[in-house]
Amino acid sequence: MRKLELVCPAGTPAALRAAVDAGAHAVYCGFADETNARNFPGLNFSRAELATGVAYAHARGAKVLVAINTFPIPGREALWREAVADAETAGADAAILADIGVLAYAAENHPRLRRHLSVQAAAANPDAINFYAETFGVRRVVLPRVLTVAEIAAINREIDAETEVFVFGGLCVMAEGRCALSSWATGESPNLSGACSPAAHVVYAEEADALVLKLGGLTLHRSPKDAPQPYPTLCKGCFATEQGGARRESHVFEDPMSLDAATLLPDLAAAGVTALKIEGRQRSRAYVSAVVSSFRKAVDALAAGRPAPPGALAALCEGGDATQGAYRKTWR
Amino acid sequence: MKLTLGPLLFHWPADRIADFYARIADAAPVDRVILGETVCSKRAPFNERAFLDAAERLAAAGKEVAFSTLALPTTKRERTMTAALVDSGFLTEVADVTALRHLPADAPFLVGPLVNVYGEGTLRWFGARGARTVCLPPELSIAQAAAMAATGVETELWAFGRAPLALSGRCYHARLAGRSRDSCQYVCEADPDGLAVDTVDGQPFLAVNGVQTLSEGYVNLAGDLDAVRAAGVARLRLSPHGGDMVAVAQAFRDALDGRIDGPEALARIAALDPGRRFANGYALGRRGIDWTHAA
């Protein structure tokens, strides 16, 4: 069986080296500004760090993909254009882009730099994907996390581009790149500033017997002090609703869970997927190392026709709980 | 400045849709009306006839009519719906790039607020592709809209109604009712303006509308029209709600024409729906939920 490519997160140069050493076929990273969707303090790469990271990866047979996957806001477009040019100069193997204006710029001015379509573009069907492939020469599409495995297989039969799917880590339940919940509460969002539910807007407040998690002054969670505390990502919050006359509190959008599609690798391979993506550029080097080596063993076993090694990743999921997201048809 | 009535985002019964647009045709001072189902393809069989009848009535009343595509088409049927709409002869409002694959190179079209047109380069690309008007994402501020309008491509600003904040493959109305999307039994019909989602402390925050998440507060720029006018925006978008949309449109029209001032427009709109919370934070470059007017 054709071997699946493992695309791994690198929030820092140390994480890049850890991912490559653990067996990543490719790593993805971004510059330290709002041109990428993990614009968090202390994360990401300078131009010099990217060049060094590319050299390290290439010497070990791994590729480097640069995420320039946010949407330029008025007056700031030059920053995105410079990022594309600098990614090519650093020797990156591809740029992961989302914005139509940036795609058009890259296709026209940096045609030799391979173009991938970011999940932030949320291209969720063959027509949208073929539009990007035909108009901007996009060679690979990172699929939004709203599709079932059967839908992914159907997409692959109709498109002239590779597909990459998320298999592990944080899980957006909204169509990526089309969610402004964070800016409604905080003024910052993935599309406006490259960050969702930013830590600067988080407050942990103690009440009599409870710990209250707030984002932008809005309560997202209240739990006993000794209970494990999730990070207050907006769509994983607990809210109150009233339906049919009955009020209740629940995780309206999604429970605080991570995606773990490890057991679906054979199905995803059969669906024609080219690459598997691990989320987590904000994660530690140790986490990256553990997840990448585990998935590399699984990918190698699958390619060799061996049974998958027993999973050891449950402990790394948010709150210890994992879901297969939309891949199983349970959302429908 | 012109007024656009955006597409109905909620699941209303067909007769309510017919009554609503009959009144808009007869009495609302809006220039363009966007029809069609944009949120959930499962609703389309129930409202398609009503939208087609409304198109006829609105056109006869001198309104420009366009139909919106679905905002998140994934299934084969949803793609076919998108392609069929583009071929229908109606002016198309693109709610997802899927429609661009079907639009002939020389066909004019509109771009809705759920397509990511955040920067000048992207706006120029859409203008060159044939976009007649681009409704900017509601997250953008008036200052940013001014930079966009300076490109010369006609822009529209989200000016009234719950802000469309997110789309998902999962239906939250169905999830809350313990159902899957396929077996939803159209539970969203019970909430003609969306289902309120409060914080556990009881603070109003969001509203769900099937696969869509909206703000709980209604965006309302009636008190900020001087800045909007100075920005060079060509059109304002009013999003349909269950209240008196004719009166809302009249208040915006009167304020734009200088017959009433901003505070008077705000007071009139507030009086239509006592207790309603409004927001103008995005327009001022702040968090969206903020409201800077007294009313």
Side-chain angles (χ1 to χ4, degrees), chain A residues 71-77 80 98-102 104-105 121-128 130-132 144-147 151 154 173-175 177-181 183-187 189 191-192 216 218-222 235 238-244 249-250 252-253 326 330-332, chain B residues 72-76 78-79 82-83 96-98 100-102 114 116-126 137-140 144 147-148 163 165-170 172 175-177 180-182 187 190 195-203 205-206 208 213 215 281-282 286-289:
Chain A
F71 298 86
I73 54 174
R76 302 275 289 160
E77 209 159 37
W80 278 258
D99 178 69
I100 284 178
V102 175
Y105 168 81
N125 68 61
D127 300 324
N130 283 329
F131 159 74
Y132 285 107
R145 284 162 273 196
V146 298
L147 299 165
E151 285 171 339
V173 288
M174 306 303 184
R178 303 180 81 180
C179 178
L181 294 184
S183 63
W184 186 257
T186 72
S189 71
N191 287 6
L192 281 183
L218 295 145
T219 300
L220 296 191
H221 235 274
R222 172 177 283 113
C235 59
C238 187
F239 301 103
T241 53
E242 199 178 306
Q243 200 176 31
E249 295 180 1
S250 66
V252 172
F253 305 104
T330 50
W331 286 14
R332 287 270 165 72
Chain B
L72 188 60
T74 55
T75 67
K76 183 86 187 161
E78 290 164 348
R79 290 163 58 204
T82 303
D96 180 86
V97 297
T98 302
L100 294 176
R101 183 104 194 293
H102 305 296
L114 303 180
N116 285 340
V117 185
Y118 278 84
E120 299 97 321
T122 312
L123 181 61
R124 284 196 196 92
W125 186 92
F126 274 98
E139 276 187 296
L140 288 185
Q144 290 169 328
M148 297 293 266
L165 296 178
L167 294 162
S168 178
R170 170 181 268 176
Y172 299 114
R175 174 171 155 87
L176 281 166
S180 70
R181 189 173 172 189
D182 283 346
V187 62
L195 186 158
V197 175
D198 299 345
T199 71
V200 289
D201 291 335
Q203 187 174 353
F205 182 26
L206 302 170
V208 300
T213 305
S215 63
Y282 280 147
R286 307 156 59 122
R287 58 191 208 133
I289 196 171

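Order of the sequence lines fixes the chain letters, A, B, ..., with proteins taken first and strands second; residue numbering starts at 1 for each chain. In this text, all values refer to a predicted model and were calculated from it rather than measured experimentally.
- When the candidates L206(B), T82(B), L72(B), T213(B) are compared by the number of heavy-atom contacts under 4.5 Å with chain A, T213(B) comes out ahead.
- A180(A) and Y282(B) get closest at one heavy-atom pair: O-OH, 3.1 Å.
- Note that CG of D99(A) is 11.0 Å distant from CH2 of W125(B), once rounded to the nearest 0.5 Å.
- Only one option out of R287(B), R286(B), E139(B) pairs with S183(A) in a side chain to side chain donor-acceptor pair (under 3.5 Å); it is E139(B).
- Using a 4.5 Å cut-off between heavy atoms, A104(A) contacts chain B through its side chain alone, with no backbone atom that close.
- Taking OG1 of T241(A) as the reference point, atom CZ of R175(B) lies at 10.5 Å (rounded to 0.5 Å).
- Separation of atoms CZ (F205(B)) and OG1 (T219(A)) is listed at 10.5 Å; rounding is to 0.5 Å.
- Heavy-atom minimum distance, G101(A) versus T122(B): N-OG1, 3.2 Å.
- Of the possible polar contacts, none joining the N125(A) side chain to the R79(B) backbone as a donor-acceptor pair under 3.5 Å is found.
- When the candidates D96(B), V208(B), L114(B), D201(B) are compared by the number of heavy-atom contacts under 4.5 Å with chain A, D201(B) comes out ahead.
- When each of H102(B), E120(B), K76(B) is checked for heavy-atom pairs under 4.5 Å with chain A, E120(B) comes out on top.
- Atom-to-atom distance recorded for T199(B):OG1 and E249(A):CD is 9.0 Å, nearest 0.5 angstrom.
- Proximity to chain B (any heavy atom under 4.5 Å) is shown, for Y105(A), by neither the backbone nor the side chain.
- Atom CE of M148(B) and atom CD1 of I73(A) lie 10.5 Å apart (nearest 0.5 Å).
- Chain B forms the most heavy-atom pairs under 4.5 Å with one residue out of P126(A), S250(A), C238(A), and that residue is P126(A).
- Looking only at heavy-atom pairs under 4.5 Å with chain A, the residue among A196(B), A190(B), A177(B) that has the most is A177(B).
- Note: L100(B) leads V117(B), L140(B), L123(B), L100(B) in heavy-atom pairs under 4.5 Å with chain A.
- For Y172(B), the side-chain hydrogen bond (donor to acceptor under 3.5 Å, both in side chains) partners at least two apart in sequence or on another chain are S168(B).
- Separating the CD atom in Q203(B) from the CG atom in L218(A) is a distance of 4.5 Å, to the nearest 0.5 Å.
- The closest donor-acceptor contact from the side chain of E77(A) to the backbone of G121(B) lies under 3.5 Å.
- In plain terms, the two heavy atoms of N116(B) and F71(A) that are nearest each other are ND2-CZ, 3.1 Å.
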